[in-house]
S.K.: 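What follows is a single structure, and I will ask about it in a moment.
Proteins get letters first, then strands, A, B, ... in listed order; numbering begins at 1 in each.
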Amino acid sequence: MKKPKFINKKWLVITVIALVLVVFSFLNEQKSINAQTIVLALSLDKNGDEYEMGVQALKTTETEKQEFISYFAKGDNLSDIIEKLNYDTGNTLTLCHAMVLILGQNVLNQDDDKAMRFFFEGQILCNNTMVVAAKDNPKDVLSPTLTNGIGAGYYLGTMLRNVGGDLGVIPMTIKDYFKNKFRIGSCIYLPCVAYKEEGDSKYLDVTESYISDGKTGVILSETATRGLSLVLNNGVGHGSIPFDTETSMGEVNLVKSSADIKIEKTADTAKLQIKTTVKNKTYVAGKINDEECKKYVGNKITEYVNECYEQCKSAGLDVFYLGQRCYAYENELYKDPDYIDKIKLEVEVKISLK
Amino acid sequence: MQNKLNDKIYNEQFLLLAFISIITFKVVMLPQYFVATAGGQSYMTMFFLVAIEIMMLAVVYGITKNGSILQLDIPKWLKGVFAILVFSSSLIKSTVLGSEGVAYVSTSLYANVNWSFITLALIIACVYLAHKGGKVLGRTVQILFWVMIFAMIFYGVFSDTKFDTINLMPFKISPKLAVAGDKYLMWFSDFTPLLFMPVCSSRNRKKSVMAIWIIIAIIAALICTVGLMIAFICIFGDSGALVGNAFLNVSSLNKISYMIGSVDLPTVISWLIMFVIKLSLLLYAMAVCAKFFFGNKAWVSVVCGIIVYAIIVFGIGNLNTNYALATSWLRYFTFFTEIGVTIAAYIAMRISENKKRKKSQSSMQFQGEAYEKA
């Protein structure tokens with residue numbers, strides 16, 4: 001005789017699936033996208049112990065006109081500030097889509113990375129969120145609407161994604177910020193951004209760099225920023241170098257450039273070798289002498305690099321990570337607290353024409 | 001058909017299960033812990049311990065070719081000892097490593113959801129798979145493997161990472177590597193559940209083809225563990241000490257994330273599949289061991305699931321407690337149990353084989369004598 005079946009297998013499986021679905025519907029943290037404010041860019045500054053954070057979001061109105069709105073809040077800790085901003089916006093802030101974080105110089109030099117760790121360790125921001133330093137107040141870089149009608153913060157985020165191979169500022173993600181922070185010397189380099197108004201024109205100036213080790217910071221000029229780019233950005237493939245000799249004048253186009261720094265185990269000199277390819281006829285009137293061009297461009301690049309290195313060295317900043325390179329090549333010099341003064345930098349530039 | 005009748009899994013299914021066993025928990029939190037302890041050279045420790053694990057899996061394969069350890073011709077009390085040891089080791093691993101998986105799901109798919117819901121959903125699926133047995137697990141892994149392959153191809157094609165090899169230097173062995181190896185033993189030696197999966201050869205699979213697949217699986221396992229560790233160090237440097245969920249963080253850096261936003265989903269899903277298989281495997285080992293004492297009943301598997309659920313949700317509850325447990329003395333217990341049981345099972349199998357051979361020899365001799373007399 002067959003045993004009576006108390007449980008039908010099919011219904012058991014359906015019940016289990018229904019149970020799982022019901023359980024997941026209780027996950028009230030999963031709010032609808034309508035209840036979220038997607039932050040495109042954010043700014044952070046610090047005055048004493050008080051942070052000031054700003055967020056920029058996009059609002060699409062009924063007329064389908066895009067409107068960039070910025071909200072600001074102050075507080076002792078970032079969790080409270082985010083709560084305040086949630087209240088102000090009437091929605092839950094979603095920061096993980098933010099394209100750029102604009103930092104005030106006080107945050108970079110006085111905060112001991114507390115705020116940055118909050119964003120990075122807590123995975124509040126994405127690994128590829130860009131980080132920049134504001135030349136003046138970060139609030140002024142985030143909130144204005146530029147001449148092209150786009151919010152400055154959002155524009156900055158999109159622009160930085162397209163300048164990775166240019167001879168100029170080096171875009172820095174939050175992931176790379178921390179990678180550099182954990183190196184010997186703790187030096188970081190960020191694009192330095194200033195908001196400018198000239199007549200009716202409102203724009204962002206992103207030609208300089210900001211270097212900091214968490215205590216001291218310096219702003220590198222446009223030419224020193226080029227030097228930084230030629231040494232630390234191995235993907236440089238666009239840009240021009242001014243060319244000005246007795247016989248011809250103009251610009252030469254940079255095709256590609258790469259750099260390598262080596263320091264031997266027992267040496268006190270770091271050898272920096274830069275290999276650059278340029279097009280020699282781009283904007284130069286008439287025919288130029290190839291050898292003269294090579295020499296001129298080589299000297300110009302050495303000048304850029306030295307300007308960058310000396311400016312940082314005088315502020316005690318190990319911008320080229322010479323300490324880390326000593327450690328990597330088992331040179332004991334990095335153990336000396338004043339190693340930056342004891343290591344000499346020898347620059348060699350090889351130019352080829354295309 | 002033979003496979004169906006004997007409840008055996010095929011060689012290739014064993015290979016896939018072994019591959020998942022090796023890599024699943026070594027690609028989430030372990031890279032972060034390793035970098036925090038041993039810095040940029042920690043990939044060497046990973047290589048050393050993974051190599052040991054692969055060698056031990058070869059021993060496990062040698063045993064399971066002759067059947068599950070509970071089917072061996074050895075004293076029942078010895079089987080009981082094996083069952084108790086494997087049950088406790090699998091219980092510890094399924095709760096400690098299981099909570100790591102729950103934390104992964106609750107932070108990568110949701111915005112910090114309560115663990116109890118996630119654990120419940122996962123445990124129900126895993127208990128079902130575990131109860132169904134090795135054959136269902138083997139078939140499931142064969143089907144879902146293609147999702148993992150898709151995720152890896154997706155990552156390979158769209159990956160956008162700059163490897164900074166200076167982070168790996170200097171190439172030297174330091175005492176820190178041994179400290180890291182000792183501290184994180186819990187994440188290694190996950191092979192005893194496979195001792196309960198008798199293996200048979202597929203009829204239409206040539207031996208030479210199988211050998212190639214074994215080589216591919218070993219290389220893939222090394223790429224997914226040591227290779228990922230190297231990539232993680234090159235990308236994050238020493239700041240990797242702040243970066244959890246290595247697999248997710250490395251793969252989230254891709255070209256199209258700028259265009260269409262975050263595209264972590266293939267990675268999240270592929271790891272989730274590995275996690276479900278791995279947790280099911282651990283629950284399967286627990287259930288088989290418990291059934292050795294309590295009989296082949298469905299409620300035994302359910303009780304195992306309830307125990308694991310209760311420990312994860314009420315006992316552990318967060319990653320800090322989980323870390324403290326994983327790095328406590330329990331790590332020695334699980335590591336040496338896994339290795340000890342495997343070696344003891346191998347010895348027992350050889351003794352059992354010798355016994356069988358002697359028996360068959362003496363019976364043949366007896367038959368021969370009887371034939372001569374006749």
S.K.: If you count the non-hydrogen atoms of other residues, nucleotides and ligands that lie under 6.0 Å from CZ in A:F119, is the total more than 12?
M.R.: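 Counting other residues, nucleotides and ligands, CZ of A:F119 exceeds 12 neighbours.
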S.K.: Under a 4.5 Å heavy-atom cut-off, does chain A meet the side chain of B:I235, its backbone, both or neither?
M.R.: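 Contact with chain A is through both the backbone and side chain of B:I235.
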S.K.: Between A:K179 and A:D176, does at least one N-O distance fall below 4.0 Å, as a salt bridge requires?
M.R.: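 Salt bridge between A:K179 and A:D176, a charged N being under 4.0 Å from a carboxylate O: yes.
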S.K.: Output yes when a side-chain donor or acceptor of A:D112 lies under 3.5 Å from a complementary backbone atom of A:K114, and no otherwise.
M.R.: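 Checking the backbone N and O of A:K114 against the side chain of A:D112, no donor-acceptor pair under 3.5 Å is found.
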S.K.: For chain A, which candidate among B:G237, B:P170, B:G244 shows the most heavy-atom pairs at distances under 4.5 Å?
M.R.: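 Most pairs with chain A among the choices: B:P170.
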S.K.: Could you tell me which portion of B:I166 (side chain, backbone, both or neither) has an atom closer than 4.5 angstrom to a non-hydrogen atom of chain A?
M.R.: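 For B:I166, backbone and side chain are both near chain A.
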S.K.: Using ring centroids (six-membered ring only for Trp), state whether B:Y323 and B:Y33 fall under 6.0 Å.
M.R.: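 Ring centres of B:Y323 and B:Y33 closer than 6.0 Å.
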S.K.: Is the shortest distance from a Lys or Arg side-chain nitrogen in B:D238 or A:R183 to a carboxylate oxygen in the other one below 4.0 Å?
M.R.: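 Looking at A:R183 together with B:D238, the answer is no, because their closest N to O distance does not fall below 4.0 Å.
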S.K.: Between B:Q41 and chain A, which part of the residue has a heavy atom less than 4.5 Å away: side chain, backbone, both or neither?
M.R.: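 Contact with chain A: side chain only.
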S.K.: Against chain B, work out which of A:Y321, A:F182, A:Y329, A:Y327 has the most heavy-atom pairs shorter than 4.5 Å and name it.
M.R.: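 Answer, by heavy-atom pair count under 4.5 Å with chain B: A:F182.
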